[in-house]
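Working notes for the structure below.
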Amino acid sequence: MIFKTRFAPSPTGPLHLGHAYSALLAHDMARAAGGVFHLRIDDLDQSRSRPAWETQIFDDLAWLGLAWPSPVWRQSERLPRYRSVLTRLWARGLLYPCHCSRADIRAAASAPQEGAPLQGPDGLIYPGTCRPDTPPEGPLPDLPLRLDMGRALATLPAPPCFTETGAGPDEETGLIHLENMEKTVGDVALARPGMGASYHLAIVCDDADQGITHVIRGQDLFSATQIHVLLQRLLDLPTPLYHHHRLIRDTAGRRLAKRDDARAIATYRAEGKRPEDIRTMVGL
Ligand code: GLU
């Protein structure tokens with residue numbers, strides 16, 4: 001099996017030290033294994049993606065010394081694929097339309113009889129307001145859609161699991177069994193307003209279609225991985241090995257965000273830093 005990994009940034013802002021660490025680590029691991037490192041552009045959210053950020057991503061990664069095969073996949077060019085997967089899930093009665101806004105969900109989830117609202121990988125766990133008793137019929141609607149988690153789990157012979165190869169002291173490793181996802185994850189959104197698909201659905205299709213064998217990404221995505229593994233099971237797609245790496249933090253211990261322009265690779269480049277300096281800064 002050839003080792004294939006990827007770095008999949010969203011072109012919604014500058015790459016910072018955390019992205020540099022993730023990309024360098026994935027690239028180094030692929031090289032050590034004689035494998036392939038892909039760059040993918042996660043531009044599903046067209047309202048926030050900008051061509052200028054994409055250009056900057058290419059430029060920063062090449063400056064860091066990374067190389068990747070062409071063509072580079074863009075999610076915005078793969079919408080028909082995501083739609084066909086949604087159609088399959090819809091036909092199996094696993095999806096339903098949901099019109100709830102974030103505020104609706106907050107209000108319903110904090111209703112006194114519901115107890116303390118529970119957080120899932122995507123924020124508050126959906127309280128099930130729009131979930132129908134029987135699966136909706138007809139053609140796939142062009143509406144925001146959620147996965148009926150209970151129904152989806154019931155179609156599987158056993159709860160899903162995946163292998164985590166993260167090696168740090170505070171990382172879970174080994175075979176991770178996913179239990180109780182109806183409670184801890186709930187009905188996740190798989191098609192979002194104005195975006196066709198959700199990040200979870202798109203990334204699962206992209207990883208499978210590109211033959212990714214190793215997903216190397218930050219620990220902040222650890223809880224999202226269970227959604228991806230579940231979707232792989234539902235869609236009969238292979239599950240890659242997962243390596244969730246430590247996060248690069250600022251001096252106050254907060255994880256870096258796109259708004260942290262001070263730690264943008266472009267800022268360090270403008271200050272005269274070299275790619276080796278960036279490697280040292282992230283501990284590589
Ligand atoms: N575009 C996603 C992000 O930047 C990619 C996450 C992933 O690697 O799966 O968070």
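First listed ligand is number 1; within each ligand, the first listed atom is number 1. The first residue in the sequence is number 1, and the count goes up from there.
Each of the atoms 7 (C), 8 (O), 9 (O) of ligand 1 lies under 4.0 Å from some heavy atom of R217. For ligand 1, the atoms lying closer than 4.0 Å to a non-hydrogen atom of D42 are 1 (N), 2 (C), 5 (C).
Note: F7 and F37 have parallel aromatic rings, judged against thresholds of 30 and 60 degrees for the angle between ring planes. Under the 30°/60° scheme for interplanar angles, the aromatic rings of Y242 and H244 are found to lie parallel.
The salt bridge (Lys or Arg N to Asp or Glu O under 4.0 Å) check on R106 picks up nothing, with sequence neighbours excluded. Among residues two or more places apart in sequence or in another chain, the side-chain contact (heavy atoms from CB on, under 4.5 Å) test is passed with E137 by none.
Neither the backbone nor the side chain of F7 comes within contact range of ligand 1; no heavy atom lies under 4.0 Å. For L221, every heavy-atom contact with ligand 1 shorter than 4.0 Å involves the side chain, none the backbone.
On a distance-only criterion, I203 and ligand 1 share no N/O pair closer than 3.5 Å.
Geometrically, R246 engages Y21 in a cation-pi contact defined by less than 6.0 Å to the ring centre and at most 45° from the axis.
For H19, the heavy-atom gap to ligand 1 stays at 4.0 angstrom or more.
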